[in-house]
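Remember, it's a predicted structure, so these values are computed and weren't measured experimentally. First the proteins, then the strands, lettered A, B, ... as listed; each starts at 1.
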There are 2 protein chains.
Amino acid sequence: MNNLFKALNDPTRRQILDLLRGGDLNAGEIAERFDMTKPSISHHLDLLRQAGLVEATKQGQFINYSLNTTVLDELLAWLMSFQKTETSTTEKTQQPR
Amino acid sequence: MNNLFKALNDPTRRQILDLLRGGDLNAGEIAERFDMTKPSISHHLDLLRQAGLVEATKQGQFINYSLNTTVLDELLAWLMSFQKTETSTTEKTQQPR
DNA sequence: TGTTTAATTAGATAGTTGTCTAAATGATTA
DNA sequence: TAATCATTTAGACAACTATCTAATTAAACA
């Protein structure tokens, strides 16, 4: 979970994820969409990969990056658990035992 | 959104959020549940407050902290949008136009 | 009014992060 | 096989973060 939050805590990396929703891209294609050097993008891709958010597959000279959202399920579950258990100040609903 | 991810990118802060699900607590009560000094916890609470995840209300000498999960809705929506739009390598489902 | 209590603010410091340039790796092709 | 191209790795550096101790603020109360 730590790696996941870390990976998501950067606007560039979140943009990369958004970008990959449109389909797989290789490292160069990703890099050219940002005003940043290739090594920097490569670093971001590495962190995304460490978090399991993208998969890198070598295709000849190129490295193809594809989105993997299954990791987000855990986060989604964590978030949704907040929607239920909260005893907020606005609602004051009695929670069943 | 940036502040939100930043706030969530720390295990102590996530623990504080989990803690507050059981009900409101004041700063001291939160601090004594961690192996960390009060100023450090105070700092974490400040970041959570900046992200809108907790609300601080002064009650006499004490400062009460309560969870506010409405901010998580935005994040939840962002995450859920990934569950839909993905054209993954494992599924290869034809996406309708 | 002086002291205690709750909490924050200030300032310091070690560690982490994002970015860059330069160098290295590995595949393609002339 | 030499040159080129795609990408990563290495190393440096400024900015940011988490933590601490010490000092400050503000409320409660004897």
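Residues A:Val71 and A:Leu48 share a single hydrophobic cluster, defined by chaining ILVMFWY side chains whose heavy atoms lie under 4.5 Å apart.
Rounded to whole angstrom, the span from the NZ atom of A:Lys58 across to the C1' atom of D:dT7 amounts to 8 Å. Summarising the geometry, the separation between CG on A:Asn9 and P on D:dA15 is reported as 19 Å, rounded to the nearest angstrom.
Near DNA chain C, meaning a heavy atom under 4.0 Å away, the residues from residues 10-19 of chain A are A:Asp10, A:Arg13. Listed by residue number, A:Lys38, A:Pro39, A:Ser42 are the residues of residues 30-50 of chain A with a heavy-atom contact under 4.0 Å to DNA chain D.
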Evaluation steps, side chain to side chain contact (heavy atoms under 4.5 Å, CB included), between A:Leu75 and A:Phe5 = CA-CA 9 Å; A:Leu75 174 53; A:Phe5 279 111; 3.5 Å; yes
query = Taking it one step at a time, do B:Trp78 and B:Met1 satisfy side chain to side chain contact (heavy atoms under 4.5 Å, CB included)?
reply = CA-CA 10 Å; B:Trp78 186 72; B:Met1 201 80 150; 3.6 Å; yes
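A:Arg49 contributes no side-chain N or O that, together with a main-chain N or O of A:Glu55, makes up a donor-acceptor pair within less than 3.5 Å. In this structure, B:Arg13 contributes its side chain and B:Leu8 its backbone to no donor-acceptor pair below 3.5 Å. In this structure a side-chain-to-backbone donor-acceptor pair under 3.5 Å is missing from B:Arg33 to B:Gly28. Within the 3.5 Å criterion, the main-chain N or O of B:Asn26 finds a donor-acceptor partner in the side chain of B:Glu29.
Heavy-atom nearest nucleotides on DNA chain C were determined for A:Gln61 and for B:Ala56, and the one closer to the 5' end corresponds to B:Ala56.
Residue A:Tyr65 places none of its side-chain N or O atoms closer than 4.0 Å to OP1 or OP2 of D:dA6.
A 4.5 Å side-chain heavy-atom check between B:Val54 and B:Leu17 finds at least one atom pair inside the cut-off.
Of all nucleotides in DNA chain C having an atom under 4.0 Å from a heavy atom of chain B, the first and last in 5' to 3' order are C:dT5 to C:dT9.
A:Ala7 and A:Leu53 get closest at one heavy-atom pair: CB-CD1, 3.9 Å. Residues A:Asp24 and A:Ser66 approach most closely at OD1-CB, 3.2 Å, considering heavy atoms.
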